[in-house]
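Both ligands and their constituent atoms are indexed starting at 1 by order of listing.
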Amino acid sequence: MIEAPTNDRPNIRINFSVDKMPGKVLCELKHISKHYGANKIVTNASAEIERGDKIALIGANGKGKSTLLRIIAGVESYEGERKWGHNVDESFYAQHQLESLGLNHTLLDELKTCGTQKTDQELRTLLGCFLFGGDDIDKKIKVLSGGEKARIALAKTIISKANFLMLDEPTNHLDMHSVELLIEALNKYQGSIILVSHDRFFVSQTANKIWEIVDEEIKEFKGTYTEYLEWKERMAKREADSKASSAAGEKKAEVKKVAEEKPVAQQPVVTEQKQVINKELKKELQKQQRMLQQLEEKINATTIEKNKMEAQLSDPSTYSDKDKFKQTETSYQRLSKELAQFNAEYEAAFEKVMELESKAG
Ligand SMILES: Nc1ncnc2c1ncn2[C@@H]1O[C@H](COP(=O)(O)OP(=O)(O)O)[C@@H](O)[C@H]1O
Ligand SMILES: [Mg+2]
């Protein structure tokens with residue numbers, strides 16, 4: 001685990017009570033297809049979210065994780081069928097949700113809008129965990145920074161009585177202590193979760209299933225992230241072995257497709273040795289994870305700008321104004337270039353994180 005935090009924020013246990021029990025299957029995705037123009041995200045993909053699932057949706061930037069989460073949340077169009085189970089009471093957290101905060105509410109008022117039964121004192125303590133000090137409580141939402149808004153929106157999601165949480169990059173803007181608290185809370189949470197996160201440590205500590213978008217399909221691995229990495233390594237080794245043996249002219253063993261291979265279902269054995277994480281590796285890992293986060297923010301911001309330029313370019317009024325068109329086109333090309341660069345950096349940092357994690361064990 002992470003080293004003990006050395007600050008004076010309260011170490012409360014966030015109470016994650018669930019109001020009602022949902023059916024065995026919370027959400028069924030049947031033959032879902034989604035594309036943005038020629039950009040195909042999923043094609044004819046099916047999957048199920050069951051009670052007790054804590055799913056981490058992982059994969060490189062731009063794979064469609066946020067899109068899939070929005071489809072599940074019902075705020076994105078798609079083809080195919082999405083079926084809710086009985087008694088599902090869901091709560092969706094994503095960065096853009098920050099816009100729905102009441103600008104004239106104080107922090108305390110805002111927390112109360114989700115109908116929580118918690119006392120003011122409990123809410124104050126909760127706010128403390130999300131890095132809001134005593135002086136901040138009467139601040140209005142409108143004076144908060146983007147990061148502060150993210151933290152208050154997350155705090156709201158956490159105290160809602162939902163039995164199904166959908167969280168898109170919940171650790172963005174949180175420091176290590178808050179991430180630890182969130183991990184603890186999600187572990188104690190009685191409901192089901194699907195989350196998107198590039199923070200591999202966070203994923204390794206919270207998920208009991210891994211989803212990955214591969215070849216426009218949703219691939220499911222039943223196990224923790226650590227088990228998933230081990231399984232991938234085994235598969236890669238097996239593939240390498242079989243290649244070597246077929247090269248030697250031996251009869252090629254029938255190799256099942258990696259994605260079809262059933263993972264070994266076993267409880268993770270957490271040995272003491274495993275818990276001792278090499279400090280240096282961990283520091284480097286955190287640095288790389290921060291870099292990933294920053295790059296993701298840059299990529300998102302650049303994508304928005306680029307999409308804007310794209311829209312302007314296809315607007316007849318831009319087209320008829322030569323200067324404006326030229327300007328827009330230049331910006332568009334610059335943004336495209338930047339985006340490609342950021343994406344390349346993201347891939348590199350992503351690989352580095354994977355490597356460091358397998359070393360850190
Ligand atoms: N509203 C949109 N219009 C067009 N393309 C989009 C839109 N939203 C996302 N995309 C594109 O779809 C792909 C998947 O995006 P997203 O779901 O945000 O990926 P991830 O969360 O895995 O990084 C990206 O290539 C992105 O540029
Ligand atoms: Mg995303």
Atom 27 (O) of ligand 1 - nearest protein heavy atom and its distance: Thr303 CG2, 4.1 Å
Shortest protein contact, atom 9 (C) of ligand 1 (heavy atom only): Tyr36 CE1, 3.4 Å
Shortest heavy-atom approach to atom 19 (O) of ligand 1 - which of Gly59, Ala311, Gly64: Gly64
Atom 24 (C) of ligand 1: the protein heavy-atom neighbour that sits closest, reported with distance to 0.1 Å: Gly62 O, 3.7 Å
Point-to-point distance, once rounded to the nearest 0.5 Å, from CG of Asn172 to CD of Glu296: 6.0 Å
Atoms in ligand 1 with a heavy atom of Lys63 nearer than 4.0 Å: 19 (O), 22 (O)
Nearest-option assignment for atom 25 (O) of ligand 1, heavy atoms, candidates Ile299, Asn39, Leu69: Asn39
Metal proximity, Asn61 vs the Mg ion (ligand 2), N/O/S cut-off 2.8 Å: no
Aromatic plane relationship, Tyr225 with Tyr228 - under 30° parallel, 30 to 60° tilted, over 60° perpendicular: parallel
Polar proximity ligand 1 side, Asn307 side, N/O cut 3.5 Å exclusive: no
Asn39 atom CG, neighbour heavy-atom count above 12 within 6.0 Å: yes
Numbered atoms and elements of ligand 1 in range of Thr67, under 4.0 angstrom, heavy atoms: 15 (O), 16 (P), 17 (O)
Interatomic spacing from CD in Glu28 to CD in Glu81 - rounded to 0.5 Å: 7.0 Å
CZ on Arg151 to CZ on Phe132, rounded to 0.5 Å: 4.5 Å
Side chain Arg82, main chain Ile72, donor-acceptor under 3.5 Å: yes
Donor + acceptor pair across side chains of Glu169, Tyr93 (<3.5 Å): no
Closest protein heavy atom to atom 18 (O) of ligand 1, given as residue, atom name and distance to 0.1 Å: Ser66 CB, 3.8 Å
Side-chain donor-acceptor pair present, Thr303, Asn300, cut-off under 3.5 Å: no
Under 4.0 Å to a heavy atom of Asn61 - the qualifying atoms of ligand 1, by number: 23 (O)
Nitrogen or oxygen of Ile41 less than 3.5 angstrom from that of ligand 1: no
